[in-house]
K.L.:
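Please find one structure pasted underneath; my questions will follow.
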Amino acid sequence: MANVINFILPFLPELLLAFFASQLLVFGVVKKERTDLVRWIAIGLLVVFALAGLFVGVPGTTAFNGALINDDFSYIAKAIIGLAAAAALLFSESYLKSERLDQYEFSVLVLYAVLGMSIMVSSNSLLSLYIGIEMQSLALYVLAAFNRDSLRASEAGLKYFVLGALSSGLLLYGISMVYGFTGSLTFDTIGAVVSSGDVSPGVIAGMVFMLCGLGFKISAAPFHMWTPDVYEGSPTPVTGFFASAPKFAAMALIARVLMDPFMGIQDSWQQVIIVLSVASMIVGVFGALMQTNIKRLMAYSSIANMGYALVALSAGTVAGVNGMLIFMSIYLITSIGLFACILQMRIRDGMVEQISDVAGLSTTQPRLALMFTVLLFSLMGMPPLLGFFGKISAFYPAIDAGLTWLVVVALIASVVGAFYYLRIIKTIWFEEQDRQFVKPATALSVLSGVSTLILVAVLFLPFISAPVKTAFGAAAASLF
Amino acid sequence: MITAIAFYLLAAVSVASAFMVIASRNPVHSVMFLILTFFSAAGLFILMGAEFLALLLIMVYVGAVAVLFLFVVMMLEVDFVALKQGFLQYIGLGATVAVVLLTELILVGAAYFAGDGNTATPPNPDESNLEAFGHVLYTDYAFFFEASGFILLVAMIGAIVLTLRERDGVRKQDISKQIARTREDAVEMVDLKSGEGIGS
């Protein structure tokens with residue numbers, strides 16, 4: 001018995017998810033109308049998944065002959081991904097019901113996407129990396145096109161699928177080159193070959209191709225073309241999900257790939273990361289300036305934010321990974337809160353998603369207006385909100401690594417980016433229009449309220465922020 | 001010698017036909033060239049001593065995927081009248097493809113049986129490809145195998161979610177309902193007097 005437990009414990013979170021997701025699928029097929037029950041079980045399962053690694057995990061072990069690795073980094077990443085996905089399921093309920101899309105498959109697909117992300121963040125070989133990415137992307141393509149009667153949603157799904165297939169091709173090409181020139185698929189052996197000094201150009205070319213493929217997944221410029229269209233066309237809760245958990249998983253995967261097998265060629269990948277980062281920041285902030293649709297605006301904002309996270313990674317130090325983790329977690333909290341707010345923008349005829357629709361929100365719904373404002377200020381990086389702290393921890397490591405000019409570019413981008421966040425805030429508080437939104441679902445108000453509270457208060461509650469910071473520090477250190 | 005000729009021929013044909021896949025204007029031609037590419041790649045596998053992979057490539061890609069492609073391409077809006085007008089000119093093309101395929105097959109076979117090929121040395125030379133796969137697929141690579149299964153499951157869920165539409169008025173067989181049916185539900189005993197019928 002003890003043997004069995006010791007065998008299972010290292011991959012317990014994945015096992016739980018895979019087993020119960022399949023059970024839930026069978027349950028859903030038999031009881032088609034119990035979508036609420038399926039959703040609540042799925043939410044519970046995701047929370048258990050998130051906490052399982054933290055509490056019963058065995059850091060420092062591998063599973064399945066070295067295919068998966070368990071360290072503090074993967075457990076922290078799984079916890080964040082699981083909680084973000086649970087929040088996404090929570091805010092999808094009211095939207096799916098009112099758009100008549102409430103099918104049990106939604107929850108099951110989210111579970112499988114999270115399973116894929118979980119394999120991604122703990123992958124220890126190029127094969128598990130690829131399989132994890134494919135599992136999550138395939139589920140996400142379907143979620144993007146979930147509203148199959150809508151032309152725009154189908155277009156979004158198709159576009160995401162075709163460009164995702166292209167990115168998989170780039171990734172696989174890179175993987176095959178790395179495999180060919182190092183002779184191994186496992187990160188340990190690749191790392192040993194790469195750090196032995198004599199690195200052939202083939203490995204570097206393969207690494208660049210892999211980064212291009214992974215860049216698609218975090219929508220870093222110049223691989224961002226799909227983002228605005230997919231964000232706009234997909235059902236809003238799906239967009240909210242896209243902006244949270246998958247981004248984090250892909251970013252964590254990039255961190256692991258760079259810091260584990262490719263640490264020996266830091267000079268080479270640092271240039272690639274810097275190029276991706278600068279391009280993302282520029283495209284993100286300037287692309288957003290002219291947007292009128294709030295979902296498209298969030299797409300460009302996420303491109304810019306990925307650029308900031310890459311600034312932290314480009315340092316290539318423990319502090320850099322730590323900064324990326326802190327920045328991405330704060331970004332996730334903010335974007336979940338913002339999408340919960342966007343989902344409350346519903347008039348009697350249906351959803352509205354133009355920026356002009358929030359005009360005069362301060363008089364009609366002061367509470368929603370306040371939450372919007374706090375979340376946007378935090379995204380902007382306004383002290384004393386948590387977003388400011390996130391940007392500091394993302395930019396400091398780059399300065400320490402001697403990349404001052406990159407941080408200057410990031411700061412300029414932040415200032416330009418502040419313009420379009422401020423434009424929304426101005427529309428909310430200083431423009432007149434009496435458009436009454438319908439009363440939002442409780443889950444939405446609670447979610448946006450909670451994330452607003454976290455952003456305002458956590459910095460002043462050291463008994464929460466200090467342990468989290470310690471845990472992130474340990475997670476970042478476990479990668480090296 | 002034969003191996004070298006076979007290799008260069010197969011390699012040249014696979015590169016050229018891969019180019020033609022994207023260069024040809026007619027999608028049906030593209031699929032045909034795709035089949036030729038798969039075929040040449042399979043020949044290259046055989047030259048390397050990976051006969052199982054070669055067969056898999058032919059069976060899965062040529063047998064299933066390419067035929068499916070062909071179906072899809074034909075269901076797309078292709079102007080078949082315009083296609084049929086130049087029917088004769090395809091005989092030349094078809095014959096060329098056929099001859100090339102046949103030559104490749106012969107060359108590969110000759111090279112393989114001539115035995116002067118430069119094949120990769122497997123860890124255990126007595127073992128066939130198939131055995132070698134069998135040894136690792138369900139042991140070392142069991143996780144990848146299972147995880148790929150989950151990917152296929154997600155693909156299946158996706159296809160059903162995106163395309164299945166429940167229609168009203170479909171007469172489905174409900175077995176539990178059939179079994180639960182009793183004699184009282186189905187048969188009604190009516191006393192009939194002769195000459196009056198059942199019209200009451």
K.L.:
Given a strict heavy-atom distance threshold of 4.5 Å, which part of B/Ile157 is in contact with chain A: side chain, backbone, both, or neither?
P.N.:
side chain
K.L.:
Examine whether an atom of B/Leu153 lies under 4.5 Å from a heavy atom of chain A, and if so say whether it belongs to the side chain, the backbone or both; otherwise answer neither.
P.N.:
side chain
K.L.:
Residue by residue, scan residues 62-70 of chain B and write down, ordered by number, those that have a heavy-atom distance under 4.5 Å to chain A; if none do, write 'none'.
P.N.:
none
K.L.:
How far does CD1 of B/Ile151 sit from OH of A/Tyr130, to the nearest 0.5 angstrom?
P.N.:
7.5 Å
K.L.:
Give me each pair satisfying side chain to side chain donor-acceptor pair (under 3.5 Å) with a member in residues 22-34 of chain A, each pair once, sequence neighbours excluded.
P.N.:
A/Ser22-A/Tyr112
K.L.:
Going by side-chain contact (heavy atoms from CB on, under 4.5 Å), B/Val154 matches just one of A/Val142, A/Leu109, A/Leu115. Which one?
P.N.:
A/Leu109
K.L.:
How about residues 148-186 of chain A versus chain B: which residues have heavy atoms under 4.5 Å apart?
P.N.:
A/Arg148, A/Asp149
K.L.:
Contact part of A/Leu25 toward chain B, heavy-atom cut-off under 4.5 Å: side chain, backbone, both or neither?
P.N.:
side chain
K.L.:
Hey, which residues of residues 136-144 of chain B are touching chain A, say heavy atoms under 4.5 Å apart?
P.N.:
B/Asp140, B/Tyr141, B/Phe143, B/Phe144
K.L.:
Starting at CD1 of A/Ile131, measure out to CD of B/Glu146 and round the result to the nearest 0.5 Å.
P.N.:
11.0 Å
K.L.:
Please check if atom OH in B/Tyr61 has more than 12 non-hydrogen atoms from other residues, nucleotides or ligands closer than 6.0 Å.
P.N.:
no
K.L.:
Could you tell me which non-hydrogen atom of A/Leu138 sits nearest to which non-hydrogen atom of B/Ala155, and how far apart they are?
P.N.:
CD2-CB, 3.7 Å
K.L.:
Heavy-atom pairs under 4.5 Å with chain A - which of B/Ile160, B/Leu152, B/Leu164 has more of them than the others?
P.N.:
B/Leu164
K.L.:
Can you tell me which portion of A/Ala18 sits under 4.5 Å from chain B's heavy atoms? Options are side chain, backbone, both or neither.
P.N.:
both
